[in-house]
Amino acid sequence: MDIGWYLVVSALIFCIGAGGVLTRRNPLVILLCLELMLNAANLSLIAFSRMHGNADGQIFALIVMVVAACEVAVGLGLIVAIFRRKLPIDVDELKELQG
Amino acid sequence: MNVILPFAEVGFAEAWWIQILKAVIIFLVGFTMVPLALMLDRKLMGRMQMRYGPNRVGPFGALQPMADIGKLLFKQQFRPRTSVGFLFAVAPAISMVCAAGAFAVIPFGPVVDIWGADVGLYGIDVSIGILFVFAFSALSVYGLMLGGWASGSKYSFLGAMRSAAQLISYEVSMGLSLIGVVITAGTLSLTEIVEAQAGMWYIIPQFVGFIIFLLAAFAETNRPPFDLTEADAELVGGYSTEYGGGRFAAYYAAEYFHLVIASAIAVTMFFGGWMLPFGIDPPQWVDPIVVIVKTVLVVCFFIWARTTFPRPRYDQLMSLGWKILLPLATANALVTAIIVVVTH
Amino acid sequence: MLTTYGPAIVFVVLGAVIGGVFVTAGSLLGPKRAGSTREAQVTPYECGLPSEVRGNFRFGISFYLIAMLFILFDIEVIFLYPIAVQLKAFGTFALVETIVFIVLLMVAFVYVWRRGALEWK
Amino acid sequence: MTLSILIWLPLVVAVLGVILGGKIAPKLTVLGTLVTLGIAISFVVRFKSGEDGLQFVTNEAWISELGISYKLGVDGLNVVLILLAAFLFSLSAIFANLREWERPQLFYFWFGIAQTAVLGAFVAQDLILFVAFFDLMLIPFYFLTGIWGSGDRETRVRGTQKLVIYTLVGSLLMLVAAIATGVLAAEQHDTDITYSISALQQLPLSDGSQNWIFLCFAAAFLVKMPAFPLHGWLPDGYKAMPLPALGVFSGVLSKVAAYGFLRIVLPVFPDASVHFQELLLLIALGSILYGSVMAFSAQNVRMVVAFSSVAQMGFITLGIFALNEDGVQGALLQMVNHGLVTVPLFFIVGLLAARAGGSEEIRDLGGIAFRAPVLATLFLIVSLATLAMPGSANFAGEFLILLGVFKAKVAFAFFASIGVALAAVYALRAFIKAMHNRVNPGVDSREVTFRDLAVLIPSVVVILALALYPQFGLEKTETTAKETVAQVQAKTGQLTADKTSEEHQP
Amino acid sequence: MTSALVTAAARGPHIDWAGLSPLVALAAGGVLVLLVGIFLGRSAKHVTPLLAIAALAASIGLSVWQFGESKSIISGALAIDDLTLTLNFILCATGIAAVLLSWRSRAAQVAGHAEYYALLLLSLLGMLVLVGAQNLVTLFVGFELLSIPLYVLCAAEFRREGSLESGLKYLIVGSVGSATLLYGLALIYGATGSTDFAGINDALRDGEIAGDVLMLSGVGLTLVGLAFKASVAPFHQWTPDVYQGAPTPITAFMAVATKVAAFGVLLRLFDVALPTISPDWGPAVAALAAITIIVGNVGALGQTSLKRMLAFSGVAQAGYLLAGVVVGTQLGAKATVFYLVVYAAMNIAAFSVVIARERASIWGDEISAFAGLGRSQPLLAWPLTIAMLGLAGIPVTAGFIGKFYLIDALVSGDYAWLAIVLVIGSMISLGYYLRVIAAMWMGEPEAASEPAAAGPAAPTVAGAPGAPPIMAGGSQEADELVDGVQPEVLGVAWLATAVILFFGIIPSPLFELAGKAGESLTGIF
């Protein structure tokens with residue numbers, strides 16, 4: 001089974017996600033972009049799983065979803081915590097720790 | 001990692017034109033049930049409250065819903081200045097699409113032979129059946145959230161937030177409540193689940209699951225007494241405060257569509273779908289009628305509950321979902337698992 | 001194969017069509033009074049008082065909390081489905097796994113409850 | 001009695017000192033160094049000259065997984081140097097005792113560690129053990145300089161940083177080179193890995209590897225000496241170091257570097273030694289001339305001594321890379337000589353500074369001999385030794401070196417001789433400017449005390465003794481020196497043979 | 001397919017509970033700490049750390065029991081072999097140190113003791129899973145289980161902005177790392193059709209996919225993902241910021257344990273799954289190592305905050321460790337494991353002193369806080385001195401032997417140039433390690449400069465010279481200056497110091513351990 005297009009889409013999504021992480025300022029958007037990256041990987045995992053005819057990829061994808069959820073939950077928690085401390089929600093303004 | 005999971009594939013697929021034809025028919029049947037439910041709602045409620053309910057349009061007021069919808073469609077279109085135009089318009093449609101999508105998996109009967117062609121009396125029968133329903137019903141949150149947010153109004157947004165919180169809270173319990181059924185049936189495909197109920201409807205072994213499902217379904221469909229999202233006293237009209245005309249009609253119709261779907265799922269999962277009790281084995285053409293009748297009965301139950309129970313406070317609603325239903329559903333799943341494995 | 005899902009697309013399309021009709025009907029069929037839209041029509045409805053709300057306002061932390069709890073618990077439900085389907089096939093092994101899983105889930109639940117995250121504030 | 005006792009005793013004493021506290025530590029250290037000296041003497045006495053190979057060998061597996069052993073031994077190359085080190089440390093310990101140090105137990109702790117490290121480096125017969133001791137030597141001096149050094153804190157810290165970083169840079173290169181030596185030797189000869197120097201001698205490396213490894217080793221040793229282009233740390237480092245530490249640093253630590261050439265480089269990398277002979281000779285020559293000129297123009301007595309060391313070390317390098325027996329013998333003798341004069345010289349620098357209000361600048365000195373004839377006499381003896389007055393052991397040493405170089409490369413010998421002359425100039429300049437001339441107003445001319453003589457007299461006595469009987473060292477080193485250069489000479493011989501044969505073919 | 005289903009169904013994967021026991025101990029410990037902690041109330045402050053230590057000790061004990069058994073458990077998901085168990089010793093020891101260091105920390109108090117220690121244990125569990133992972137799925141799960149609790153722990157002091165920011169930064173960067181890693185793993189899976197390390201290796205050996213673009217980009221992305229976690233340059237930029245902002249005990253834990261885990265998995269992934277294509281990844285990894293060494297060391301030179309300096313030094317050390325992985329021989333693996341132990345001891349010693357000092361000094365973790373420490377508190381100064389000397393690779397410390405071993409492996413693996421780079425890095429590193437020592441032993445004690453802070457004319461601009469940098473967020477413990485002894489911190493510091501010195505003089509036991517660990521990677525020579 002030809003999965004070329006799936007991979008192209010997946011790579012595109014990944015790049016969009018990566019681009020978003022690099023260029024966007026709002027941590028919520030960054031979090032969304034991270035999800036994009038993870039889901040891009042999921043897409044290719046499932047496509048590969050289909051290609052190889054074994055379920056490893058699917059299982060992997062399932063687990064990745066959970067992990068992604070945990071990451072988002074923690075991220076959201078941190079963002080809310082910062083938000084409630086009235087800190088600027090803009091990663092470029094997090095000036096405390098600049099190298 | 002040598003375990004091989006079955007893929008999302010099923011024995012056969014009809015010819016494409018049969019697929020389209022049956023999909024259109026089933027959809028129309030389903031969508032017809034929306035005004036039916038709407039009318040039932042008003043009539044039954046009226047009766048229970050010792051009044052007549054609508055009785056002017058058509059025989060016994062049966063065409064009242066049509067008149068309502070017609071009226072709404074001819075209203076002037078306007079929206080608040082603060083709203084986000086495109087999303088404001090699209091949100092109700094999303095609700096509609098989600099409802100329609102979820103309807104696709106409801107089985108009205110097994111594969112039957114109609115004039116020489118095998119036709120499954122369902123939209124689709126996939127190995128992930130029930131997850132498909134969950135997927136679409138989860139997506140419908142977007143319809144509400146977008147609508148509430150795009151309205152640009154405080155009450156709308158708060159209503160949307162509340163409804164989202166409510167929906168997702170009960171979604172967990174709903175998912176867990178069906179685990180027992182899935183364990184017992186050993187499949188996610190809805191037709192197979194129905195067939196697995198040949199001996200006994202799952203309402204009996206899975207009574208706890210059923211109760212939880214029912215409660216969650218109330219919350220999921222925003223039906224009273226769990227219609228906190230549009231609690232008039234607190235939130236005006238909830239997420240749909242700013243909507244009027246056709247767009248409001250779309251929300252309204254979608255809500256009743258969801259009600260129908262929830263009832264149909266309950267029928268499929270717990271009431272044996274097209275099966276009849278006591279070993280009655282009617283001809284195949286009766287099957288869809290059985291399903292429809294059962295569904296309507298469940299819808300009636302929803303309406304009955306609406307008139308009977310008072311609306312809880314929001315925090316009570318949330319604690320019911322999280323503190324009672326969730327552990328109960330988990331325990332149910334666990335007990336079912338143990339019994340199934342031990343007796344298997 | 002994907003053809004199995006064919007009808008689902010029909011359903012979605014039909015839903016979209018009907019939704020579209022409902023959404024657009026008002027502007028097509030409804031009365032149009034161009035230039036005479038009243039102020040009351042374009043302000044958000046707030047029980048009769050003029051709107052004071054500007055864009056983003058804050059709402060309770062509980063919403064976030066519920067969202068996070070949902071993400072975590074719902075995702076864990078996802079794990080239960082595959083194992084529920086295969087429970088009979090795998091027998092005791094799967095049962096043990098399920099029990100361990102559910103016990104852990106319950107630990108998290110107890111924790112969340114005890115820490116007061118389930119109280120709606 | 002094994003060599004282990006010799007090298008670990010100072011450490012034990014140092015730790016004891018820390019435990020017993022600041023009152024006892026100074027005395028205890030002097031006692032310890034003297035006992036160590038005694039042990040060293042006993043080794044020298046028991047040493048059988050004229051015998052091949054190592055004596056008093058201790059050989060235990062240390063890190064067997066990597067083929068590293070704890071191998072100690074004494075032969076002609078290091079027997080005299082051990083004695084020198086033990087002697088100079090005793091002198092310095094006494095020297096240090098004449099002063100008050102802040103947190104004395106810590107001072108003597110580092111001092112003891114330094115002695116252990118230096119002695120260890122001298123007797124180590126395993127390449128890695130040598131490297132370890134060589135690196136370790138620096139750490140005590142880092143602290144000694146940084147905490148108790150002269151000058152204000154900033155310059156002190158800068159000086160000690162410079163000192164340590166420069167020298168450790170070399171050492172780290174040497175570490176890679178040492179490991180490469182072991183690994184490559186094992187690979188090229190398909191044997192088990194070993195770092196024993198005597199074993200490595202039997203496993204010559206291929207030319208290519210020898211060359212880069214040689215350069216790494218040379219860099220380490222030349223920095224430590226220090227030799228001319230690599231001496232950048234010297235002015236700051238020497239200025240900052242406290243005098244007793246400086247005495248041993250200049251007197252002994254630089255000798256470890258020179259000793260390293262003899263112990264490791266010549267025997268293990270003979271081809272590379274021949275290959276780079278001229279480069280090294282050039283560096284040596286550079287050091288001699290640069291050191292002499294700088295010593296001549298230095299405005300600070302301490303720096304005069306410091307740069308004279310550069311010149312002296314140049315001579316020693318010159319002798320080593322003459323790559324013949326004379327040169328090596330001379331170098332060994334010169335190591336001892338230079339070590340012997342350095343400690344008293346720095347001690348005298350201290351005495352001079354004490355008389356000139358703490359200043360070591362030459363322009364602040366003058367006329368100190370006025371009321372201090374004993375001091376003047378002793379200083380003169382030491383100065384004369386430094387400038388290699390005929391009759392002194394230094395003369396013998398330099399003569400042997402020049403003889404060796406003359407045999408190897410005539411041109412270098414010629415230029416090196418200039419250095420001999422310059423030595424006289426700067427040594428006498430310093431002496432005259434400090435002791436004679438007008439009495440500088442800031443100078444308080446007074447005689448040395450008896451306590452001071454405890455340092456000066458023994459060193460001067462030994463200098464004189466060696467002047468009378470330089471054979472004392474030479475006969476002990478003779479056999480080993482021959483052995484050391486044997487392999488190299490075989491190569492040079494080959495080379496010259498090749499050359500001559502080429503020339504003979506028209 | 002159906003038959004496969006049936007056979008699998010008949011058995012289910014066998015689970016070797018004995019082999020799994022060290023993990024179970026940690027998981028159970030985490031759960032127990034959490035539950036006990038939330039039900040106890042005030043006494044949780046002392047009970048939870050004790051429980052955590054007990055769990056860690058149990059894990060160590062079970063590892064000792066399982067030591068020497070080389071097995072692959074749960075259908076090849078995890079390898080419980082000497083490498084895993086050895087690294088588990090280090091991890092748990094680090095864990096115990098972290099618990100002790102956190103005992104009085106503000107972070108544990110603010111975050112809640114139960115949560116704090118439970119997260120610590122779970123993170124350790126993730127690390128253990130990671131180092132034992134023999135399957136891409138397990139690898140990823142371990143990776144995330146390691147990371148997610150750490151994100152929270154970094155932000156544990158959620159009343160202090162620096163901590164929150166550090167957590168968020170770490171989360172974002174770490175998630176980018178994991179996404180990249182995941183994409184890489186997906187591509188590897190796609191190229192080889194297997195998630196199993198052995199299966200991948202087989203596929204690489206048999207097929208013609210060795211030079212496949214898919215495979216190579218997969219390996220590349222995986223490497224990048226792991227590089228993020230191991231703070232390998234150029235993916236290290238987050239390290240100083242996060243290290244500085246996080247509560248110091250967590251910084252210590254991160255600096256040591258994360259690196260141990262990351263290198264454990266690097267060893268296993270590259271040397272078990274991908275040795276066949278080592279010519280492809282070797283040069284790239286070597287280049288990374290070289291860049292890391294230089295960047296880390298140069299970066300550390302200008303730092304005034306000790307935590308930041310240690311962060312950069314950690315980057316540099318990651319370069320050294322990566323060099324051990326590059327070699328791709330058993331010797332390299334052994335050297336890496338050896339150095340990991342040493343690295344752990346040295347960093348723990350250093351960070352303990354930083355913690356002790358931070359709690360007592362208004363200067364927080366600025367190097368000036370350590371001025372004159374040699375005189376005022378030699379008990380604190382010595383461990384830091386020895387740790388610094390060890391990090392610089394001075395003889396008699398284990399750092400020397402560790403570097404020696406690495407160079408040995410590099411030279412015999414034909415990577416002599418990398419050995420030279422390593423040495424050059426060490427030379428540069430002297431510049432900043434010695435600076436700390438100089439401040440301690442040759443600096444003026446803090447007392448002299450303190451009035452500047454106490455006086456009314458004290459400049460309040462954070463970061464201005466002479467102003468105590470409390471406002472800069474660097475000294476989180478400063479608001480509760482604890483004077484006097486902190487026996488547990490001192491104990492950790494001195495124990496770590498003892499380890500450094502002991503293995504610097506008698507390294508043989510450690511060699512044996514590292515040797516066994518290295519030999520359990522049977523695929524290589």
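Side chains included, hydrogens not; waters and symmetry mates left out as well; all remaining heavy atoms used. Reminder, nothing fancy here: chain letters follow the sequence lines and each chain counts from 1.
- With a 4.5 angstrom heavy-atom cutoff, E/I394 touches chain D only via side-chain atoms.
- In this structure, D/D152 places its CG atom where more than 12 heavy-atom neighbours from other residues, nucleotides or ligands lie under 6.0 Å away.
- Under the 30°/60° scheme for interplanar angles, the aromatic rings of D/Y195 and E/F404 are found to stand perpendicular.
- For chain D, the nearby part of E/L389 is the side chain; its heavy atoms alone come within less than 4.5 Å.
- For D/S69 and D/Q125, the side-chain atoms include no donor-acceptor pair closer than 3.5 Å.
- For the residue pair E/Y433 / E/S313, a side-chain donor-acceptor distance below 3.5 Å is found, with atom types taken as modelled.
- Between the side chains of E/S305 and E/E366, no donor-acceptor pair is found at a separation under 3.5 Å.
- Here D/F214 and D/F269 keep their ring centres 6.0 angstrom or further from each other.
- Aromatic rings of D/W62 and D/Y70 (six-membered ring for Trp) have centroids beyond the 6.0 Å cut-off, not under it.
- When only modelled atom types and interatomic distance are considered, E/T497 and E/W382 share no side-chain donor-acceptor pair under 3.5 Å.
- Identified by a heavy-atom distance below 4.5 Å to chain E, contributing residues of residues 113-121 of chain D are lacking entirely.
- Between D/V256 and D/K224, every side-chain heavy-atom pair lies at or beyond the 4.5 Å cut-off.
- The most heavy-atom pairs under 4.5 Å with chain E, out of D/E187, D/R103, D/R156, come from D/R103.
- Residue D/F134 does not touch chain E at all, counting heavy-atom pairs closer than 4.5 Å.
- Within residues 157-178 of chain D, the residues having any heavy atom under 4.5 Å from a heavy atom of chain E are, by residue number, D/V157, D/T160, D/Q161, D/V164, D/I165, D/L168, D/V169, D/L172, D/L173, D/L175, D/V176.
- Of the atoms belonging to E/I428, not a single heavy atom falls under 4.5 Å from chain D.
- Proximity to chain D involves both the backbone and the side chain of E/V423, based on heavy atoms less than 4.5 angstrom apart.
- With 3.5 Å as the limit, one finds a donor-acceptor pair spanning the side chains of D/S206 and D/S209.
- A tilted orientation is assigned to the rings of D/W233 and D/Y238, their planes being inclined by 30° to 60°.
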